[in-house]
Structures are given as C-alpha cells and as structure tokens.
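Below is one structure, written out as structure tokens, with a few remarks after it.
It should be emphasised that the depicted structure is a prediction, and the values quoted were computed from it without experimental measurement. Below, each value reflects all heavy atoms present in this structure, side chains not excepted, and no hydrogens, waters or symmetry copies. Counting starts at 1 for both ligands and their atoms, following the listed order.
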Amino acid sequence: MSQTMPSTADLLGNRRRILVTGGAGFIGGAVVRRLLRDSDATVFNLDKMGYASDLTSIQEVLAEQGEADGVRHRLQCVDLKDAEAVDAAVREANPDLVMHLAAESHVDRSISGPGEFISSNITGTYNLLQAVRSHVERLSEARAAAFRLHHISTDEVFGSLGAEGRFSETTPYDPRSPYSASKAASDHLVQAWHHTFGLPVVLTNCSNNYGPWQFPEKLIPVVTLKAAAGEPIPLYGDGLNVRDWLYVEDHVDALLLAACRGQSGRSYCVGGHGEKTNKEVVTTICNQLDQHHPNNAPHAHLITRVIDRPGHDRRYAIDPTRITEELGWQPRHNVEQGLAATVAWYLQHQDWCSKVRDQANYDGGRLGLNRPQ
Ligand code: NAD
Ligand code: TDX
C-alpha cells in the first residue's frame with residue numbers, strides 16, 4: 001500500500017456496520033474482501049445473486065481468516081426492485097455507511113435486453129434511496145452526521161470523447177447506451193435526494209476496471225480465455241476505441257477514500273491514466289499468451305474483426321485531479337503490470353470461469369447485436 005493511502009480501519013473510524021450492494025459482483029466483491037481483510041467492521045452484502053454473482057472470492061477470504069460466513073459477512077439475497085425487501089434489508093443492516101454498487105453492468109447486455117437495466121439501475125436505486133432516507137431519519141445525531149450513501153457510477157455517463165480531452169466532474173452528462181443512460185438516471189436521482197431531502201451522499205464515476213474475479217463477458221477475460229482456447233478473438237469494429245483502464249484494487253482505494261472522506265453532495269472522477277486502444281489491449285494479451293503457450297504462437301493470428309457494437313462510444317478518458325488533490329488518491333498499478341497479473345490470474349482460474357459461465361448459462365458467445373450479422 002502506498003504511504004499516502006490510509007488504512008481501511010482508519011478510514012472507517014467509528015463506522016462499524018457497512019452495507020455494500022452488489023457485493024457478489026466484480027467490484028463489490030473486491031470492496032467486501034478489503035473490508036473483511038483490513039477492518040473488523042460487519043459487512044452486509046445485498047445482492048440479488050444474478051448471473052454475474054459469485055461468492056467464491058469472499059469465501060476464500062473468510063477461510064483465510066478462519067471466520068464463519070454469516071458473522072462478519074452477511075449475505076442479504078434481495079432484489080433492489082423489491083421496495084419492501086430493500087427497506088427490510090436496510091433496517092436489518094442498520095448501516096453507518098452504504099456503498100451502492102449493485103447494477104446491471106454489461107453494455108452489450110443492455111443492448112440485447114434494456115428492461116433489466118431500467119428496473120435494476122433506476123428503480124432499484126430509487127428504492128434504495130427511499131429506504132436509506134427513512135434509515136437516516138431514525139439515526140442518532142452523531143451517527144447521522146457521519147453517515148454517507150456512496151453511489152458508485154461510471155465514466156460512461158459523460159458520453160464519447162474524440163481524440164482530445166478528458167472527462168471531469170464538470171463534464172455535462174451525455175449517455176448513449178441503455179446501460180449508461182440508466183446509470184446517468186441513477187446519478188441524477190442520488191443528487192436529487194441530496195438536494196431535496198438532505199440525504200448525505202457521495203458519488204464516484206470511474207473508468208473501465210479490470211482484475212481477478214471479473215465475470216468472463218468483458219473484454220480482458222473474454223480475450224484471455226479465447227486466446228488460451230485457440231478460438232477467434234472478437235475485436236469490435238476497427239479496434240481503435242479507447243478505454244482508460246484501472247486495476248480494481250486501485251478503484252477500491254478510491255472508493256474507500258471517497259466514501260469516508262468525500263464531501264457530502266460531491267462527485268469524484270476516478271481513472272488510472274491507463275488509456276489504451278482495444279487493439280493494443282488485445283495484442284498485449286496475445287503477446288503474453290505467446291510466452292505461456294508458445295505452441296499456439298503467435299496468438300495475434302486469432303484476432304478477428306467483428307461487426308461493431310451498436311452506438312459504440314469511441315473514447316473514454318478521466319481527469320482524476322479532484323480525487324487526487326482533495327483526497328490524496330493515487331493508482332498503485334500501471335496498466336502493463338496490472339494486465340500481466342490479470343492475464344496470469346485468468347489462465348490459472350479457467351475452472352472458475354467455466355463454473356460461473358455455466359451457472360449463468362452463458363457460452364462465451366457474442367452479446368449485444370440488435371441486428372443480424
Ligand atoms: P457486476 O455485474 O460484476 O456486479 C454487479 C452486481 O450487482 C451483481 O452481483 C448483480 O447480481 C448485482 N445486482 C444487479 N442488479 C441488482 C438488483 N436489482 N438487486 C440486487 N443486486 C443487483 O458489476 P461490476 O463491474 O462489479 O460493477 C459494479 C458497479 O460499478 C456498477 O454499479 C457499475 O455500473 C459500476 N462501474 C463498473 C465499472 C467496470 O468497469 N466494471 C466501471 C465503473 C463503474
Ligand atoms: O469481445 C469484446 N470485444 C471488444 O472489442 C468485448 C466484450 C468488448 N470489446 C470492446 C468494446 C469496448 O470498446 O472492448 C471495449 C471494452 O468493452 P467491455 O469490456 O464490454 O467494457 P465497456 O463497454 O467499456 O464498459 C465497462 O467499463 C465501464 C464496464 O462493463 C462498465 O460496467 C463500466 O461502467
């Protein structure tokens with residue numbers, strides 16, 4: 001850990017009960033693991049246990065620590081669409097901090113089936129806001145003063161950049177996919193509940209995350225698994241779309257800083273100075289595979305240009321000056337190191353990938369084409 005990053009226990013201070021929504025997903029899971037490893041807080045993990053959910057990584061941490069499940073980690077299997085169940089879960093958790101990560105998160109699935117994104121991401125956030133509003137009214141003055149609802153969002157709400165410029169907290173919203181539109185709507189609801197009802201909130205908008213335990217439908221795990229299997233690697237369009245890649249543990253650092261030290265009503269953009277074209281990412285992964293499986297080299301021969309994603313945003317890039325200067329956040333991994341570690345992790349965890357794909361009834365095929373190929 002860098003010297004500038006305070007410990008999790010220091011950041012949490014007197015906050016003993018943390019409600020994490022979406023804690024069975026990729027980023028929420030990393031938050032839950034950090035809280036379990038680096039603090040003695042009790043973590044309530046509210047998740048509908050959907051196709052992208054899996055608790056293996058959390059169970060590993062509990063086993064490492066010799067802790068039984070259901071004591072410091074308490075799963076609340078609740079769908080945010082169910083207002084009554086959400087209210088009951090918030091009452092049971094009685095949290096000092098809520099970190100709201102639950103959302104449908106895959107752009108391609110939002111093209112194939114936008115309805116689930118509207119209900120989970122918009123109605124779900126509305127239900128959580130209402131439940132949390134009632135909760136804050138029940139808190140003592142001291143607990144209410146320290147309480148925050150932290151809403152975790154994406155850079156995709158800002159739309160698509162050309163060759164120049166970066167997104168910051170003052171960039172106007174311009175979402176262009178059903179996913180990003182649903183996230184933008186949820187951001188607006190959170191800000192509205194702050195301004196109208198005085199709810200103490202913090203928002204973060206982060207760029208593309210990567211790292212272990214990401215459900216294998218997103219670019220980096222898809223490419224790694226296809227290359228390892230000697231299958232065609234799908235590169236959408238001309239492959240020159242740019243994403244600003246951030247290692248998931250660096251995102252968790254930013255989330256804990258923002259949740260515990262962020263100013264109420266303020267948003268913070270998070271990005272790792274990790275801009276790469278998709279073609280660069282895919283080629284880097286292929287080069288790494290050449291070292292692990294030299295028999296199939298060069299894996300770059302597997303790269304196959306496929307029809308583009310409808311409405312494909314061209315470029316995302318984040319200016320993280322605010323969170324760096326105000327909260328002292330710095331990413332600890334550069335893309336080259338993080339990508340190498342992640343590719344190695346996926347190669348060692350192909351059984352887990354098969355298991356979660358099977359559970360999700362997903363065969364690794366192309367998602368999100370709204371017209372025939
Ligand atoms: P993920 O898909 O891996 O996990 C999301 C979790 O939320 C899943 O376990 C799912 O079951 C749960 N969930 C979805 N709808 C729910 C509902 N209605 N009720 C209860 N639980 C529900 O997603 P992720 O990549 O971990 O993303 C987490 C959050 O971070 C999302 O809000 C996403 O918009 C945001 N984000 C993600 C990235 C990224 O690159 N992955 C970048 C920036 C922001
Ligand atoms: O097989 C693929 N081939 C390909 O070229 C896949 C799955 C993706 N792509 C391209 C599309 C994007 O330009 O790679 C880029 C990254 O795609 P995804 O991994 O699907 O991520 P993206 O659409 O950029 O969104 C991600 O980052 C922002 C997360 O899924 C969102 O939840 C987050 O908000």
Counting heavy atoms under 4.0 Å, the part of E217 that contacts ligand 2 is backbone
Should the proximity of H312 to ligand 2, defined as any heavy atom under 4.0 Å, be assigned to the side chain, the backbone, both, or neither?
-> side chain
Atom 29 (C) of ligand 2: which of G25, S110, S105, G364 has the nearest heavy atom?
-> S105
Who's closest to atom 2 (C) of ligand 2 heavy-atom-wise, of Y236, Y316, W245?
-> Y236
Per-residue contact class, K183 against ligand 1 - non-hydrogen pairs under 4.0 Å = side chain
N/O to N/O below 3.5 Å, does that happen between S105 and ligand 1?
-> yes
Should the proximity of V107 to ligand 2, defined as any heavy atom under 4.0 Å, be assigned to the side chain, the backbone, both, or neither?
-> side chain
Fit a plane to each ring of Y179 and F117, take the angle between them on a 0 to 90° scale, and name the class: parallel (under 30°), tilted (30 to 60°) or perpendicular (over 60°).
-> perpendicular
Of the listed options K218, R309, K279, closest to atom 20 (O) of ligand 2 (non-hydrogen atoms) | R309
Quick look: E156 vs ligand 2, heavy-atom contacts under 4.0 Å, and the answer is side chain
Relative to the ring of Y316, is the ring of F167 parallel (under 30°), tilted (30 to 60°) or perpendicular (over 60°)?
-> tilted
Counting each atom of ligand 2 from 1 as listed, which ones have a heavy atom of T154 under 4.0 Å away?
-> 28 (C), 33 (C), 34 (O)
Has ligand 1 got any nitrogen or oxygen that is less than 3.5 angstrom from a nitrogen or oxygen of I27?
-> yes
May I ask you to check whether G22 has an N/O atom sitting below 3.5 Å from an N/O atom of ligand 1?
-> no
Is it true that the NZ or CZ of R357 lies under 6.0 Å from the centre of F215's six-membered ring and within 45 degrees of the ring axis?
-> no
